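One structure below.
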Amino acid sequence: MKHFMEVAIQEAKKAASEGEVPVGAVVVLNDKIVGTGRNQMEQKKDGTAHAEILAIQEASANLGRWRLDDCHLYVTLEPCLMCMGAIINSRVKRLIIGASDLKGGGLDLLRFKDHGHQIRHLEVYEGILEEDCARMLQEFFKEKRN
């Protein structure tokens, strides 16, 4: 798990170098990366251009399908509600999260397991390289404040 989270961290670092909030995501199928994404809201002038959404879009294009029910998504920060919706609707099998997002995270959406077959099948793992992921965000916002 650490290897693919490190790739997601590299995506997040690219986002930071572009002035974006440093969040990166990687979609993996059979130990092969099939989609990557990083926050690009400022660049694309698009509020939906989150790392997870872009990684899912790239994976779907590369695989030629929207159902990612055999894929794993690695993301450096707990997904927001919008991204959780996309993850659930894309039928991602496993979600691997770096740092928690106590203010804007969307993991609470998973409490509604009775509302959809696809939610019951999502496996979630948290805290993978958490310190590295959290530190990157803290440093980014500290620099923005200064």
Side-chain angles (χ1 to χ4, degrees), residues 1-113 115-141:
M1 284 189 193
K2 287 183 180 179
H3 167 71
F4 293 116
M5 186 59 76
E6 288 169 348
V7 176
I9 288 170
Q10 290 307 311
E11 285 296 314
K13 287 180 179 179
K14 287 179 194 174
S17 73
E18 297 166 349
E20 302 278 355
V21 175
V23 178
V26 178
V27 178
V28 176
L29 172 63
N30 298 326
D31 291 327
K32 181 181 177 205
I33 294 172
V34 294
T36 61
R38 64 184 178 276
N39 275 359
Q40 293 185 307
M41 292 176 14
E42 300 297 334
Q43 270 186 316
K44 293 181 180 271
K45 310 286 188 257
D46 180 354
T48 67
H50 288 201
E52 302 92 327
I53 302 278
L54 298 175
I56 287 169
Q57 289 174 343
E58 184 174 287
S60 293
N62 286 337
L63 296 173
R65 57 190 165 97
W66 65 269
R67 284 185 182 89
L68 303 177
D69 53 357
D70 49 357
C71 294
H72 301 174
L73 174 63
Y74 292 77
V75 62
T76 58
L77 180 64
E78 178 182 338
C80 69
L81 284 171
M82 174 184 70
C83 291
M84 281 303 301
I87 291 163
I88 291 165
N89 286 330
S90 298
R91 314 294 203 272
V92 169
K93 178 180 182 178
R94 183 176 291 163
L95 173 62
I96 300 94
I97 299 169
S100 296
D101 185 351
L102 300 176
K103 292 181 182 178
L107 280 181
D108 283 345
L109 190 59
L110 298 181
R111 287 189 296 174
F112 302 106
K113 292 187 184 282
H115 296 290
H117 171 73
Q118 63 271 32
I119 294 178
R120 288 191 293 273
H121 296 291
L122 179 61
E123 302 169 23
V124 178
Y125 298 86
E126 298 178 70
I128 308 303
L129 297 178
E130 183 174 15
E131 289 180 19
D132 295 337
C133 294
R135 186 179 328 105
M136 186 172 39
L137 285 156
Q138 291 164 349
E139 290 172 0
F140 176 81
F141 286 113

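Nothing here was measured: the structure is a model prediction, and the numbers come from that model.
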I'd like to know if the side chain of E58 reaches the main chain of T36, judged simply by a donor and an acceptor atom lying under 3.5 Å from each other, with no hydrogens or angles considered. yes
Check whether any side-chain heavy atom of Y125 sits under 4.5 Å from a side-chain heavy atom of L95, and report yes or no. no
Quick check: do E130 and S100 have side-chain heavy atoms less than 4.5 Å from each other? yes
Would a 4.5 Å heavy-atom cut-off, applied to side chains only, mark L107 and I97 as touching? yes
Ion pair E18/R38, N-O distance below 4.0 Å: yes
With side chains defined as the heavy atoms from C-beta onward, is the minimum distance between H3 and V7 less than 4.5 Å? yes
Scanning both residues in full, the closest heavy-atom pair of E52 with L77 reads OE2-O, 3.9 Å
If you define the side chain from C-beta out and look only at heavy atoms, does anything of L129 sit under 4.5 Å from M5? yes
Hey, could you give me the CE/CG distance between M41 and D46, rounded to the nearest 0.5 Å? 8.5 Å
State whether the side chain of R67 and the backbone N or O of D69 hold a donor-acceptor pair below 3.5 Å, judged by distance alone. no
Residue pair V34 / V28, side-chain heavy-atom distance below 4.5 Å: no
Looking at T76 and I9, would you say the former's side chain and the latter's main chain have a donor-acceptor pair under 3.5 Å? no
Sub-4.5 Å side-chain heavy-atom contact between V26 and L73: no
Any non-hydrogen side-chain atom of V23 less than 4.5 Å from a side-chain atom of H50? no
For the backbone of V21 and the side chain of N39, can you confirm whether one donor and one acceptor N or O come within less than 3.5 Å of each other? yes
What closest approach, in Å, do L122 and M84 show between heavy atoms, and which atom pair accounts for it? CD2-CE, 4.1 Å
CD of E11 to CD of E20, rounded to nearest 0.5 Å, is 12.5 Å
Is it the case that the side chain of R91 and the backbone of N89 share a donor-acceptor pair, with hydrogens and angles ignored and the cut-off at 3.5 Å? yes
For the CZ atom of R94 and the CG atom of L68, what is their distance to the nearest 0.5 Å? 14.5 Å
Looking at V27 and C71, what are the two nearest heavy atoms and their distance? CG1-CB, 3.8 Å
